[in-house]
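Down below is the structure, laid out as structure tokens.
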There are 2 protein chains.
Amino acid sequence: MTVRIEDVARLSGVSTATVSRALRGLPGVGGRTRELVLQAAKTLGYTPSPTASSLASGRTHSIGLIQPDMSRWFFSTILECAEQTFRKAGYDALVYSLPDYLGPKRQRFKARDLVGKVDAVLVLSLFFDKQEEAELRSLGVPAVFVSVRQKGYSHVGINDGQAAAQACRHLITLGHKTIGHLSGQTNDLCPFAPSQRRRDGWKQTLTRFNLECSDSLDEAVTIMTASNGYLATKRLLDRRPDITAIMASSDEMAMGAIQAIRERGLAVGRDISVIGIDGHDLGRPFGLTTVAQPVRKQGVTAAEVALKAIEGDLALKTIIFPTKLIERATVGPPPAGRIR
Amino acid sequence: MTVRIEDVARLSGVSTATVSRALRGLPGVGGRTRELVLQAAKTLGYTPSPTASSLASGRTHSIGLIQPDMSRWFFSTILECAEQTFRKAGYDALVYSLPDYLGPKRQRFKARDLVGKVDAVLVLSLFFDKQEEAELRSLGVPAVFVSVRQKGYSHVGINDGQAAAQACRHLITLGHKTIGHLSGQTNDLCPFAPSQRRRDGWKQTLTRFNLECSDSLDEAVTIMTASNGYLATKRLLDRRPDITAIMASSDEMAMGAIQAIRERGLAVGRDISVIGIDGHDLGRPFGLTTVAQPVRKQGVTAAEVALKAIEGDLALKTIIFPTKLIERATVGPPPAGRIR
DNA sequence: CTGAAAGCGCTTACAG
DNA sequence: CTGAAAGCGCTTACAG
């Protein structure tokens with residue numbers, strides 16, 4: 001029904017081998033011959049069958065994008081930038097979501113779904129255990145990890161501990177002494193999770209400045225959404241009404257915190273300051289002070305690393321981007337007459 | 001290197017044809033034989049080559065997800081739900097972004113990138129012209145349109161005019177008489193665009209209630225982002241400082257409007273009310289009043305319609321979901337002593 | 001219920 | 001520089 005390589009070969013009077021070479025721009029084809037083939041292909045409106053060429057060449061020209069949930073800003077932003085980078089290089093983006101990756105009956109990554117379908121994969125914010133890492137390896141293609149580290153693989157991310165320290169120092173500099181923290185998942189399952197390191201950054205900074213950093217100042221959630229941040233903040237304020245500032249492990253959690261604070265009739269940035277981490281697009285209209293990470297750059301860079309790996313550059317790379325404090329309205333000095 | 005169907009055939013002592021049938025659960029395989037094959041496949045850890053089976057069967061088991069930009073909430077949320085629905089049915093999601101779809105040097109959809117790679121496509125919020133529609137048709141697979149209508153295709157969405165009317169009526173009921181509007185792109189290129197219909201809904205409602213609806217009350221943007229909403233609101237308030245309420249064509253624009261209003265030292269919900277459309281996840285912490293649409297349901301439903309089409313049910317469907325007013329803090333009655 | 005064989009549409013040594 | 005032919009690993013009439 002559709003036009004095949006043979007049709008092009010016939011029209012241009014050469015073999016299918018030559019057509020294949022000419023169309024892909026391979027060397028060793030006469031200038032005149034190439035012209036002929038290109039012309040014939042154009043005339044017929046020929047598009048090579050991707051599955052046939054994959055089967056024959058062993059390359060799929062598509063990349064697996066494995067991540068928890070693309071409806072969340074951080075993931076979707078990285079995915080979008082990666083997709084564009086891959087597309088420009090002639091690769092398709094095959095997304096693969098693992099939404100229940102933190103739940104009790106945790107959904108594990110299965111290589112079976114991706115085997116033979118991709119030339120490389122990007123893994124975002126997922127903590128692979130031994131089993132999953134074995135599955136990943138069984139794919140037999142290069143992988144680059146974004147935002148989480150996995151040893152034996154290239155990694156693109158930020159220094160999470162440092163980002164948290166940056167946020168914490170900002171609050172301390174303004175005079176805050178009782179600083180609450182909203183953590184992401186920090187259990188044993190993912191000791192190297194960004195949320196764990198952000199929590200460590202908070203803790204270490206408080207310690208360095210001789211400030212309180214007891215567990216009662218920390219409230220953890222599973223997934224770092226606004227609504228979880230909201231609930232965590234209510235618990236935190238119930239327990240520690242003396243808090244004058246909250247740093248959240250993500251901007252979305254910070255937004256939830258703001259909601260909870262306002263509901264108590266307190267003024268954000270006056271009664272209680274709030275700072276986030278991420279640099280969420282909607283942080284601006286929110287007036288949210290935050291430590292921003294270059295999300296889009298990470299997406300592009302991770303894709304580039306994957307592309308290079310496909311081309312044979314298997315050297316392990318670790319690319320860490322700097323973060324940057326963005327001062328807006330949700331952080332101010334602690335209230336003067338606040339009861340301790 | 002990897003295990004092929006022939007290996008399974010040899011181990012189980014049957015032909016590759018039988019292995020193929022047994023593994024896919026096709027009828028006409030003896031119970032005992034099936035057992036044998038399944039066992040052998042398991043022992044060998046056999047996974048069929050997807051490209052080989054695609055080439056032989058003509059089916060790819062993947063779906064194209066064509067949309068403007070998955071870094072934006074509405075699209076990524078639909079994509080996530082669609083991906084899950086497709087995955088459960090054994091299909092992969094191949095995302096395809098067209099980020100400059102509204103720019104001056106507009107990027108057009110090219111079938112070439114997708115031909116032979118998908119069994120169906122979902123198209124979100126894209127306005128296909130004749131040329132693009134022809135490209136789409138040339139893919140030779142069923143397509144379902146989400147959030148935009150395209151004649152000749154199934155469609156999943158909401159009644160945009162009605163949603164806007166709902167928002168407008170809410171403001172009018174509270175006593176607002178001078179209601180500004182933040183539009184999305186409303187040019188000739190996309191006369192059936194949701195943003196066009198939302199604008200119409202605003203206009204018609206004002207007319208029905210004998211209120212002013214001049215063009216000076218409407219400010220249009222290209223892409224409905226928060227920052228565009230912010231800029232549009234500044235222009236709007238410069239021109240019409242007598243406005244007591246703004247309805248935005250999207251929640252993200254509404255958030256930008258809120259930012260602009262606050263920057264003028266005005267109180268949102270008291271001096272100027274703001275209502276959006278969408279039901280954005282972050283509308284809640286924002287306290288944003290909005291007309292919500294069931295975004296996730298649309299993603300699931302669109303995927304289901306596509307799946308049915310693949311199975312042969314080509315009947316054109318139009319599925320319209322109801323919207324719902326969510327009252328939060330950004331809307332209140334107009335200020336009493338406001339100078340007209 | 002099962003198998004032999006053609007066929008899906010390319011790519012790639014290999015030979016010239 | 002070019003071509004004949006094998007091969008990629010399945011599926012699917014067709015025959016039995």
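Below, each value reflects all heavy atoms present in this structure, side chains not excepted, and no hydrogens, waters or symmetry copies. In the text below, chain A, chain B and the rest are named by the order of the sequence lines, each starting its count at 1.
In this structure C:dA13 sits in no base pair that meets the Watson-Crick or G-U test at under 3.5 Å.
The listed nucleotides are D:dA4, D:dT12, C:dC10; the one nearest the side chain of A:Ala52 is C:dC10. Comparing C:dT2, D:dC10, C:dT12 against the side chain of B:Val29 picks out C:dT2 as the nearest. Listed candidates were D:dT11, C:dC10, C:dG3. Nearest to the side chain of A:Ser49 is C:dC10.
The residue among B:Leu55 and B:Arg34 whose nearest nucleotide of DNA chain C is located toward the 5' end is B:Arg34. The nearest heavy atom of DNA chain C to A:Thr18 and to B:Ser15 marks one nucleotide each, and the one closer to the 5' end goes with B:Ser15.
Note: CZ (B:Arg21) to P (D:dT11) measures 11 Å, nearest angstrom.
Separating the C1' atom of D:dG16 from that of D:dT12 is a span of 16 Å, rounded to the nearest Å.
Note on B:Thr33: only backbone sugar-phosphate atoms sit closer than 4.0 angstrom, heavy atoms only; bases stay farther off. If you check every strand for non-hydrogen atoms under 4.0 Å, A:Gly30 touches sugar and phosphate atoms only.
Residue A:Ala302 comes nearest to A:Val146 through the heavy atom pair CB-CG2, 3.5 Å, listed as atom of the first residue, atom of the second, then distance.
Between A:His155 and A:Phe145, the distance from one ring center to the other does not fall under 6.0 angstrom.
Side-chain nitrogen and oxygen atoms of B:Ser20 include none within less than 4.0 Å of the OP1 or OP2 phosphate oxygen of D:dC10.
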